[in-house]
Amino acid sequence: MARVVIDALTKEYDSPGGSILAVDELNLEIEDGEFVVFVGPSGCGKSTTLRCIAGLETVTDGALRFDDEDVTDQKPKERDIAMVFQNYALYPHMTARENMSFGLKMSTDLPTDEIEERVEETAEMMGIEALLADKPKALSGGQQQRVALGRAIVRDPEVFLMDEPLSNLDAKLRAQMRTELQQLQSELDVTTVYVTHDQTEAMTMGDRIVVLNGGQLQQVGTPLECYHRPANRFVAGFLGSPPMNFLEVDVDLEKEVLSNSAFSLPIPESAVDDVGGSKLTLGIRPEHVSLVGSPETHAEPDHLIEAEVTVTEPMGDVTNVYLDVGGESLTLTSNERLGVSGGDRMHVHVPAAKMHLFDAETGEAIKHSDEPIDPARIPGPSGHAEMA
Ligand code: ADP
Ligand code: MG
């Protein structure tokens, strides 16, 4: 097992239209045994970074180290990594057993009976013992992906590299494999770099997530750090579904308010000293906005804004309510059953403590929500009753 150090990694591709900077001076240290998820929109440089770690791409600048060994110029087969791809990349003419043992036969001197033993152990771990004699075309997508994962695990590498391995599976199987992969990774304790464009996978699977955009590192942190303390507007908007609401506001330092044509809200006390510029972006997560029945008696009356319901979307467990605030949209989610429908005019509460503020130009965070990153353990049923 290895610690992976990415040191000012830069990768430029030459293309007919000019060079493309796919990864721009990326710095990151991945701990031994850690499960790190690279997440970001399509084209942000996730696969390129992974392929550089694997040795499938030469780097333009910077260095890669496994523990203290510089692997920057090593060939893929010298690096002791195993890679799993979205498209499985199984050999069609080989059985599952042959697919799983092939790499070991080619790259090690292990005796055949030991290879067989390892393949069988791994197949059992992956629940695919019964499929070992089958060729890929006889297997479902989920089974093929298990064989591809098994083929990686059987090699017992220092580092697992996975590029969107669950993207071809249907939603239900994907959710199941997410949990299984996490369990497997923690049992095997192998340093794992996992690439996905899916923020749900990132939020639920990673010890830490690495958010990329345009080849540049946006933030590294635990999922909840990145969710509750986003470094900038990009991270804030990328993590969470429905996404964080953003409202452009003008700052009036004399009146100490943030306003636009539809509302005026006091500048949160904790941010008064930090709001320099005249324009900010106010961010508020849908789960922190709530409908207000009686505005007259509300505890934070100057944090209410008027809105009109556009559409409600009952999801079963929660309801999403889409609102219009002076021409801008605002979404709230509630786990209560709300008796509202399109056209209703309502007051909604935007609590000062949960507001995020971003510099309107750079997108840098100026103020975060006070939401705890490590919430206290959920109390038992009696505790729930007290909280309600
Ligand atoms: P992601 O995996 O995050 O979707 P990639 O790492 O595949 O993104 O791509 C990052 C950028 O590099 C994109 O602009 C992509 O078009 C470009 N790119 C990737 N591979 C190549 C290549 N072989 N040649 C030229 N450009 C490439
Ligand atoms: Mg990719």
Side-chain angles (χ1 to χ4, degrees), residues 4-28 30 35-64 71-73 75-76 79 81-90 141 144-145 148-149 152 159-169 171 174 177-178 181 191-206 208-221 223 226 230-241 243 363:
V4 175
V5 179
I6 302 174
D7 187 358
L9 175 69
T10 297
K11 175 66 186 179
E12 250 180 78
Y13 291 107
D14 290 325
S15 84
S19 73
I20 295 169
L21 188 55
V23 184
D24 188 5
E25 288 198 44
L26 179 66
N27 288 296
L28 185 69
I30 301 166
F35 193 150
V36 164
V37 177
F38 280 49
V39 67
S42 175
C44 72
K46 305 177 297 290
S47 294
T48 301
T49 307
L50 203 71
R51 291 170 58 80
C52 287
I53 300 173
L56 298 169
E57 299 283 354
T58 56
V59 313
T60 307
D61 221 332
L64 291 158
V71 300
T72 317
D73 298 318
K75 294 196 167 60
R79 295 195 190 192
I81 49 119
M83 206 157 167
V84 183
F85 301 93
Q86 174 178 352
N87 61 8
Y88 323 133
L90 296 173
Q144 289 186 42
Q145 191 54 296
L149 280 165
V159 182
F160 276 136
L161 302 173
M162 305 194 184
D163 195 347
E164 314 241 5
L166 307 184
S167 296
N168 281 0
L169 307 178
R174 200 157 62 223
M177 289 292 282
R178 263 201 323 252
L181 253 179
T191 312
T192 303
V193 185
Y194 185 103
V195 159
T196 180
H197 65 277
D198 178 350
Q199 59 93 24
T200 310
E201 279 183 22
M203 287 300 296
T204 53
M205 294 179 83
R208 284 191 304 161
I209 60 181
V210 176
V211 186
L212 295 176
N213 190 31
Q216 292 181 335
L217 180 66
Q218 304 293 307
Q219 187 165 9
V220 186
C226 296
N232 57 39
R233 182 180 162 154
F234 177 81
V235 176
F238 192 77
L239 301 177
S241 175

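Quantities reported herein were computed from a predicted structural model and do not represent experimental measurements. As the structure lists them, so they are numbered: ligands from 1, and atoms in each ligand from 1.
Under the 3.5 Å distance criterion, with hydrogens and angles disregarded, no donor-acceptor pair is assigned to the side chains of Q86 and D163. Side chains of T48 and Y13: a donor on one and an acceptor on the other come within 3.5 Å. Residues D14 and S19 have side chains that never bring a donor and an acceptor to within less than 3.5 angstrom of each other.
By the 3.5 Å distance cut-off applied to N or O atoms, T48 is counted among the residues near ligand 1. The distance criterion of under 3.5 Å between nitrogen or oxygen atoms is met by G45 with respect to ligand 1. Of the N or O atoms in S15, none lie within a sub-3.5 Å distance of an N or O in ligand 1.
The heavy-atom pair separating T204 from T200 by the smallest distance is OG1-O, 2.7 Å. The two residues L149 and M177 have their closest heavy-atom pair at CD1-CE, 3.7 Å.
Counting only protein atoms, the N, O or S atoms lying less than 2.8 Å from the Mg ion (ligand 2) are S47 OG, ordered by chain and residue number.
Counting heavy atoms from C-beta on, the side chains of Q219 and N232 never come closer than 4.5 Å. Between V220 and L28, some side-chain heavy-atom pair lies under the 4.5 Å cut-off. Contact annotation: the side chain of S167 never approaches that of R174 to less than 4.5 Å [non-hydrogen atoms, C-beta and beyond]. Residues L64 and R79 meet the side-chain proximity criterion, which asks for heavy atoms closer than 4.5 Å. By the 4.5 Å heavy-atom criterion applied to side chains, F238 and C44 are not counted as neighbours.
Regarding atom 7 (O) of ligand 1, its nearest protein heavy-atom neighbour is S47 CB, 3.8 Å. In this structure, the protein non-hydrogen atom closest to atom 14 (O) of ligand 1 is I20 CG2, 3.8 Å. Looking only at heavy atoms of the protein, atom 1 (P) of ligand 1 is closest to G43 N, 3.4 Å. Looking at atom 27 (C) of ligand 1, its nearest protein heavy atom turns out to be Y13 CD1, 3.2 Å. Taking atom 12 (O) of ligand 1 as the reference point, the nearest protein heavy-atom neighbour is A22 CB, 3.4 Å.
Within the structure, ligand 1 has S42 among the residues with a heavy atom less than 4.0 angstrom away.
A ring-centre distance under 6.0 Å is not found for Y194 and F38.
Within a 4.0 Å radius of atom 16 (O) of ligand 1, the protein contributes no non-hydrogen atoms.
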